[in-house]
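Written out below as structure tokens is the structure these notes cover.
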Amino acid sequence: LPWAVDWRYKGAVTPVKNQGKCGSCWAFSTVAAVEGINQITTGKLVSLSEQELMDCDSTLDHGCGGGIMDFAFAFIMGNQGIHTEEDYPYLMEEGYCKEKQPDARVVTITGYEDVPENSEISLLKALAHQPVSVGIAGGSRDFQFYKGGVFDGACSDELDHAVTAVGYGSSYGQDYILMKNSWGKNWGEQGYVKIKRGTGKPEGVCGIYTMASYPVKN
Ligand SMILES: CC(C)C[C@@H](CO)NC(=O)[C@H](CC(C)C)NC(=O)[C@H](CC(C)C)NC(=O)OCc1ccccc1
């Protein structure tokens, strides 16, 4: 396993986005992971559409009411791809599903995998290959008002938010996993949060080892 990983340096991460007053973190986490594997496999970094997931993946997922990244990965597979952000921009509220434009560009995936639960090494192994969608108990005040540094809790007591792991490393001797959030650039460290790893907690700080998964693109 590499000592440190940061997919931003590999050009696999788009600028930090902002979900606004809408519980669409699941869509931002799904899209960030697909943007990552797409850049890794094609060499092109393309910002993709959270709004298409909000509007069109409305059976299992619930727009601003929340969703699950695995359900969204499955939708993208069934939908034969996901549009670019440019072709299907974010509106911060659920809308009608726009029909597929004939000449529109779409990015496809061929599958998705769940990271084995409660296993830090499994998340790091997956992360060494690509950005990974991660569920997190991010509803606490400590997390909401995080300003920087390596976060070690206090967390909310259940998974209620979703972020995207884009790297891992050490800072002043503190080992961390680097998460891209979707609360704008002014939150945390330019929109990112470093979550402490190596704590010995099986579920990880804020449960980050509980519900992690990533898209597959063959
Ligand atoms: C207040 C929320 C709507 C805010 C948003 C983030 O903006 N949270 C979410 O979207 C979170 C993300 C999840 C990774 C924990 N998702 C949720 O809270 C979803 C929402 C329902 C409607 C699908 N529920 C949910 O995750 O329930 C637990 C569960 C896990 C695995 C399979 C089934 C059920």
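Just so you know, ligand 1 is whichever comes first in the structure, and atom 1 is the first atom listed for that ligand. Counting begins at 1 with the first residue of the sequence.
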- Gap between atom CD1 of I136 and atom CE of M179 - 0.5 Å precision: 5.5 Å
- Under 4.0 Å to a heavy atom of I68 - the qualifying atoms of ligand 1, by number: 23 (C), 25 (C), 26 (O), 29 (C), 30 (C), 31 (C), 32 (C), 33 (C), 34 (C)
- Item | Per-atom contacts of ligand 1 with M69, taking only distances under 4.0 Å to non-hydrogen atoms | 14 (C)
- What pairs with Y176 under ring-ring contact (aromatic ring centres under 6.0 Å, His included), at least two apart in sequence or on another chain? none
- Query: For ligand 1, which atoms have a heavy atom of H62 less than 4.0 angstrom away?
  - Reply: 22 (C)
- Query: Does the protein put a heavy atom less than 4.0 Å from atom 1 (C) of ligand 1?
  - Reply: no
- Item | Test log, rule salt bridge (Lys or Arg N to Asp or Glu O under 4.0 Å), inputs D87 and R105 | CA-CA 8 Å; D87 289 344; R105 296 155 297 166; 3.6 Å; yes
- Task: Applying salt bridge (Lys or Arg N to Asp or Glu O under 4.0 Å), name anything that partners K17, two or more places apart in sequence or on another chain.
- Result: E35, E50, E85
- Measuring to protein heavy atoms, does anything land under 4.0 Å from atom 18 (O) of ligand 1? no
- Closest candidate by heavy atom, reference atom 13 (C) of ligand 1, pool C25, G67, G66: G67
- Ring centers of F28, Y90 separated by less than 6.0 Å: yes
- With atoms numbered from 1 as shown, which atoms in ligand 1 lie under 4.0 angstrom from a non-hydrogen atom of M211? 14 (C), 30 (C), 31 (C)
- Should the pair H83 and Y88 be assigned to parallel (<30°), tilted (30 to 60°) or perpendicular (>60°) ring geometry? perpendicular
- With a cut-off of 4.0 Å, which atoms of ligand 1 are near a heavy atom of S24? 7 (O)
- Message: With heavy-atom distances below 4.0 Å as the criterion, list the atoms of ligand 1 near G65.
- Response: 3 (C), 22 (C)
- Query: Do the two ring centres, one from F145 and one from W187, sit under 6.0 Å apart?
  - Reply: no
- Message: If I apply the N/O under 3.5 Å rule, does D160 come out as touching ligand 1?
- Response: yes
